[in-house]
Engineer: 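One structure follows; several queries about it will come next.
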Amino acid sequence: MSDMWAAIPPRGRIVLAMLLALLLVAPAVLDRYLMSVLILIFYFAFVGQAWNIMMGYAGQLSLGHALYAGLGGYVAALLWFYFGIGPWIGVFAGVAVAAAFGAVIGWLGFRFGIQGVYFALLTIAFAEFTRIAFDNMAFTGGPSGLFLLYDEHRAGEWWNLRGGPMLFYYLGLILAAGGALLTAWLSRSRLGYQWLAVREDQEAALSLGVGAFRAKMIAVLISASMTAIGGVFLAFYNNSLFPSQAFEIGRSIEIILAPVIGGLGTIFGPIIGAFILTPLGETLIALTAKFGLDLPGTKAVFYGLTLMIIITLRPDGVWPWLKRLLGLELKP
Amino acid sequence: MNLAIVLNVVIQGVLTGLMYGLMALGLSVIFGVVRVVNFAHGEFAVVAMYATYLLFVGLGLDPLISLVPIAIAFFAIGYVLQITLVHRFVGRSEHEQFILLVGLAIIIVNGLLMIFGPDARPTNLPYSLDSFAIGPLFIDTARVYAAVAALLVSAALFAFFRYTSTGTAIRACADNLTGAGVVGLNVKRLYAVTFGIGLACVGAAGALMVTIADASPSLAQSFTLLAFTIVIIGGLGSMTGALIGGVLIGVSEAMASFFFAPSMKSMFSFALLVAVLVLRPQGLMGRRA
Amino acid sequence: MTALLKVDGISKRFRGLVAVDRLSFEVPQGSIFAVIGPNGAGKTTLFNMIAGVFAPDGGTISFAGERIDGLTPDKVCQRGIGRTYQIVRPFPALSVEDNVIVGALLHRPRVADARIHALDVLRRLDLFGKRAQRASSLTLPDRKRLEVARALATDPKLLLLDEVMAGLRPTETDRIVSILRDLNRDTGLTILLIEHVMRAVMALAGQILVLNHGKPIAQGVPREVVQDRAVIDSYLGAEALS
């Protein structure tokens with residue numbers, strides 16, 4: 001832990017500490033709407049970090065991460081809905097199911113050498129397959145969705161994730177910060193180096209004795225598990241789940257936006273990306289609503305445009321550039 | 001089980017599959033030559049469907065006619081898109097290309113949503129309910145016309161690659177890029193032509209698609225996946241493979257809709273995709289790398 | 001001296017073309033052993049079989065008394081064989097130091113230990129001053145030495161070098177030659193190299209094996225081999241002796 005702190009230059013430590021302190025006290029002054037924006041930022045920073053581990057570090061392009069979020073959310077929600085089992089236990093089941101799917105996808109992909117775009121298609125195929133399956137199952141509510149009723153007398157039962165924005169704000173903050181810490185720790189471990197080696201050149205990595213299959217499998221398992229936790233969080237925050245939303249490609253793309261824009265393979269990339277993208281999207285919605293132009297799809301067009309501009313002009317993302325700009329680079 | 005009914009379903013699947021095949025052909029050509037994954041492929045197909053719908057409603061043009069101007073316009077779009085934007089991404093990492101085109105796909109599909117709204121726009125052809133009766137078989141007239149048109153466009157494409165000097169040059173680029181550059185081929189222009197041809201295919205396919213589906217933004221993503229599935233099943237860069245894959249998927253979808261439920265038809269395509277990826281990654285007609 | 005590597009009757013065909021044909025030889029412990037021959041003689045194919053990129057169609061490969069043919073490249077490396085690639089493949093976005101740390105982590109689970117070892121290796125290879133640079137920014141001679149450093153960091157008993165001198169200027173070649181000779185002398189590292197640069201081969205190798213069309217045409221100490229009629233005809237040409 002201490003060497004992770006040492007790796008941040010002094011000026012960065014001050015900025016980071018101030019930012020954390022600010023976020024800790026912010027709920028005292030924020031209104032409900034701004035709280036909801038920040039909760040979304042935390043969510044996207046966290047699941048973005050999960051995707052970042054797989055793509056940014058281990059170099060495996062997944063476009064089906066909605067699968068893991070959806071499975072995590074559905075499993076925990078179903079346990080709560082049918083058996084009254086709380087999400088703090090349900091999350092383990094959700095993670096287990098998502099990790100099992102991740103293991104199958106990873107095994108198929110890595111054992112049979114399905115790489116790059118082909119691997120991405122494999123992940124999409126599984127997500128779509130699951131979406132259609134959930135659409136056709138009765139006990140999940142099918143296409144009409146699954147709703148978690150919010151009884152007033154349960155309000156404040158944080159142990160059942162039944163609470164107001166304050167609960168989800170701090171939980172989201174813990175997830176986002178915890179995800180970043182975990183990634184930082186992993187990236188500085190032996191496993192982290194193995195991921196980078198596999199990402200850069202798998203054949204060369206193998207010839208240095210790196211067990212590429214094992215390294216990639218661990219990446220998928222960690223990434224799927226984290227994403228599933230994010231899914232549970234979102235399911236109990238929204239109190240509703242629909243297969244057409246939970247598993248669709250659009251949801252997977254939402255997950256990859258923050259790390260791509262912030263900077264792949266960096267710890268702060270997904271966080272910066274989420275902090276840039278979510279408020280911009282919200283502002284855009286507010287502005288267009290003001291001028292009566294808030295047609296469905298406006299926000300998505302904006303996201304699409306952002307993706308294209310960033311990937312054309314700054315394929316490494318905003319963070320590496322911002323870091324130089326703010327003088328936060330560690331001198332060797 | 002009545003054999004005639006099954007045969008009807010199969011024929012319907014084959015006809016639909018030929019349109020799918022033409023769409024996938026466009027993807028295969030781009031993928032095989034430019035080595036860029038056009039993740040906005042289905043989105044372009046839907047744009048073509050809307051264009052066909054507008055030409056039909058506005059000018060009363062039959063899709064079989066509007067196919068020609070649409071294909072030409074799409075060629076131009078593809079050419080310009082490649083020259084101005086996609087070419088910068090040639091040789092860059094796969095995920096960057098992918099993200100660029102995902103961004104484009106998002107813009108197209110949501111742009112359509114903003115302009116036309118989520119409701120489907122049907123193109124009500126005067127002969128859309130007609131059918132040929134051959135013995136116990138009833139075959140949709142519109143679908144037959146569309147399938148024949150798809151075959152003709154595909155044949156034209158085969159001829160282009162086989163008999164024209166530009167087509168030969170493009171094939172040379174696909175086989176050996178460095179070699180093509182060395183012998184003085186203008187790779188940038190050939191790539192633009194290729195992307196144009198790819199989009200012309202998907203434009204033509206989209207125009208024909210109005211005979212089997214109503215134009216709607218929600219179709220786009222499934223078309224993209226469909227095209228990818230077909231190309232991978234048929235074999236990357238194999239033109240016959242794309243057509244065969246299209247027919248295979250068309251029949252599989254028709255059978256799945258008939259025997260199970262229409263909502264489950266793509267599950268079979270995805271299962272097929274996973275099986276091909278695992279067992280025969282070079283596709284049915286592809287050569288092993 | 002005992003044989004560290006023993007190649008026994010291995011063959012490899014590609015689409016009916018024989019690349020390596022029932023080849024046998026032994027590399028003694030602690031020696032520097034060179035494989036030379038014209039392009040297409042099967043040298044890189046031989047390396048790839050030893051390193052586990054593909055298995056031989058027939059025959060066996062033993063390393064330190066154990067069969068290694070058919071093992072995957074990572075397993076071969078874990079047994080103690082390091083390799084370089086003819087066309088260098090550093091991890092481009094990583095720093096020079098991190099490139100070598102990846103290798104050093106093989107037998108050192110802790111990154112801190114691996115870093116210490118990596119820096120040692122970088123000093124040996126004259127790359128210490130460039131340790132913070134991105135590997136993609138290195139010049140070819142530096143990349144070649146990085147390739148060696150990375151393989152060396154895995155603590156191999158046997159180092160396979162695939163044309164590490166190709167494309168280098170004579171001064172650069174001499175630099176690598178002296179580094180390799182020191183390594184061999186100081187640590188007892190066994191080296192098996194493929195090389196076209198005869199100047200380096202003559203300076204380094206204790207034994208030379210000459211391949212042509214996948215078959216050995218000569219083997220022995222350098223002085224004998226370069227005077228062998230068949231070797232001169234098929235590979236060296238008369239001017240090599242001058």
Side-chain angles (χ1 to χ4, degrees), chain A residues 55-56 59-61 63 104-105 108-109 111-122 124-133 135-136 142-143 244 248-250 252-253 256-257 260-261 264 293-313 315-316, chain B residues 31 35-37 39-40 43 85-86 88-89 92-118 217-218 221-222 224-225 228-229 231-232 236 260-261 263-281:
Chain A
M55 176 68 217
Q60 306 304 308
L61 178 58
L63 279 183
V104 171
I105 294 171
L108 281 175
R111 167 69 182 73
F112 293 93
I114 303 169
Q115 289 174 352
V117 176
Y118 291 88
F119 182 73
L121 279 170
L122 184 72
I124 296 176
F126 267 87
E128 285 289 293
F129 198 89
T130 313
R131 177 179 65 78
I132 299 165
D135 254 338
N136 285 283
S244 59
E248 68 154 9
I249 307 177
S252 295
I253 288 170
I256 80 171
L257 280 168
V260 167
I261 285 164
L264 282 174
L293 295 168
D294 55 335
L295 299 162
T298 317
K299 189 160 84 170
V301 168
F302 163 76
Y303 282 160
L305 212 56
T306 316
L307 264 189
M308 286 181 78
I309 292 171
I310 291 280
I311 206 68
T312 307
L313 301 178
D316 290 336
Chain B
F31 207 172
R35 303 255 158 231
V36 164
V37 276
F39 203 71
E43 281 72 7
L85 193 61
V86 181
R88 295 156 163 253
F89 283 78
R92 269 165 72 169
S93 66
E94 269 180 342
H95 80 268
E96 291 177 16
Q97 303 172 346
F98 216 56
I99 287 164
L100 176 81
L101 287 146
V102 165
L104 184 62
I106 296 174
I107 293 173
I108 292 175
V109 75
N110 289 287
L112 289 174
L113 191 65
M114 288 169 73
I115 298 167
F116 296 99
S218 62
Q221 228 157 45
S222 50
T224 297
L225 287 181
F228 269 101
T229 306
V231 165
I232 287 172
L236 180 63
F260 298 94
S263 66
M264 290 171 79
K265 63 183 182 184
S266 31
M267 282 180 99
F268 287 84
S269 314
F270 288 132
L272 208 56
L273 171 68
V274 172
V276 168
L277 280 175
V278 168
L279 299 174
R280 202 178 153 81

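Order of the sequence lines sets the chain letters (A, B, ...), proteins ahead of strands, with each chain counted from 1. Since the structure is predicted, the reported quantities are computational estimates derived from the model, not experimental observations. Atom set for the values below is all heavy atoms of this structure, side chains included, hydrogens, waters and symmetry mates excluded.
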Engineer: Using non-hydrogen atoms only, which part of A/Leu63 is less than 4.5 Å away from chain B: side chain, backbone, both, or neither?
Structural biologist: side chain

Engineer: Could you look at B/Gln221 and say if it's the side chain, the backbone, both or neither that has a heavy atom under 4.5 Å from chain A?
Structural biologist: side chain

Engineer: At a 4.5 Å cut-off on heavy atoms, which part of B/Val37 comes close to chain A: side chain, backbone, both, or neither?
Structural biologist: side chain

Engineer: Against chain B, work out which of A/Thr306, A/Leu305, A/Ile310 has the most heavy-atom pairs shorter than 4.5 Å and name it.
Structural biologist: A/Leu305

Engineer: Taking the side chain as every heavy atom from C-beta outward, state whether B/Ile99 and B/Phe39 have any pair of such atoms under 4.5 Å apart.
Structural biologist: no

Engineer: With a cut-off of 6.0 Å (strictly less than), are more than 12 heavy atoms of other residues, nucleotides or ligands near CZ of A/Phe112?
Structural biologist: yes

Engineer: Given that the side chain runs from C-beta out, which part of A/Leu121 has a heavy atom under 4.5 Å from chain B: side chain, backbone, both or neither?
Structural biologist: both

Engineer: If you count heavy-atom pairs within less than 4.5 Å of chain B, which of A/Glu128, A/Arg131, A/Arg111, A/Glu248 leads?
Structural biologist: A/Glu128

Engineer: Quick one: what part of B/Leu225 sits under 4.5 Å from any heavy atom of chain A, side chain, backbone, both or neither?
Structural biologist: side chain

Engineer: Does any part of the side chain of B/Asn110, heavy atoms only, come nearer than 4.5 Å to the side chain of B/Pro217, both counted from C-beta?
Structural biologist: no

Engineer: Counting only non-hydrogen atoms closer than 4.5 Å, does A/Ala133 touch chain B with its backbone (N, CA, C, O), its side chain (CB onward), both, or neither?
Structural biologist: both

Engineer: Could you look at B/Ile107 and say if it's the side chain, the backbone, both or neither that has a heavy atom under 4.5 Å from chain A?
Structural biologist: both

Engineer: Please examine the side chains of A/Val260 and A/Ile311, heavy atoms only from C-beta on, and report whether any two atoms are closer than 4.5 Å.
Structural biologist: yes

Engineer: For residues A/Val301 and B/Met114, report the shortest heavy-atom separation together with the two atoms involved.
Structural biologist: CG2-SD, 3.7 Å

Engineer: A/Asn136 versus chain B, heavy atoms under 4.5 Å apart: side chain, backbone, both or neither?
Structural biologist: side chain

Engineer: Check whether the ring centres of A/Phe126 and B/Phe270 lie less than 6.0 Å apart, and answer yes or no.
Structural biologist: no

Engineer: With a 4.5 angstrom heavy-atom cut-off, could you sort out which part of A/Ile124 is near chain B: side chain, backbone, both or neither?
Structural biologist: side chain

Engineer: Knowing that exactly one of B/Leu104, B/Leu101, B/Ile106, B/Leu100 qualifies, which makes a side-chain contact (heavy atoms from CB on, under 4.5 Å) with A/Leu307?
Structural biologist: B/Ile106

Engineer: In terms of the angle between their ring planes, are B/Phe31 and B/Phe228 parallel, tilted or perpendicular, with boundaries placed at 30° and 60°?
Structural biologist: perpendicular

Engineer: Please flag which part of B/Leu112 lies under 4.5 Å from any non-hydrogen atom of chain A: side chain, backbone, both or neither.
Structural biologist: neither

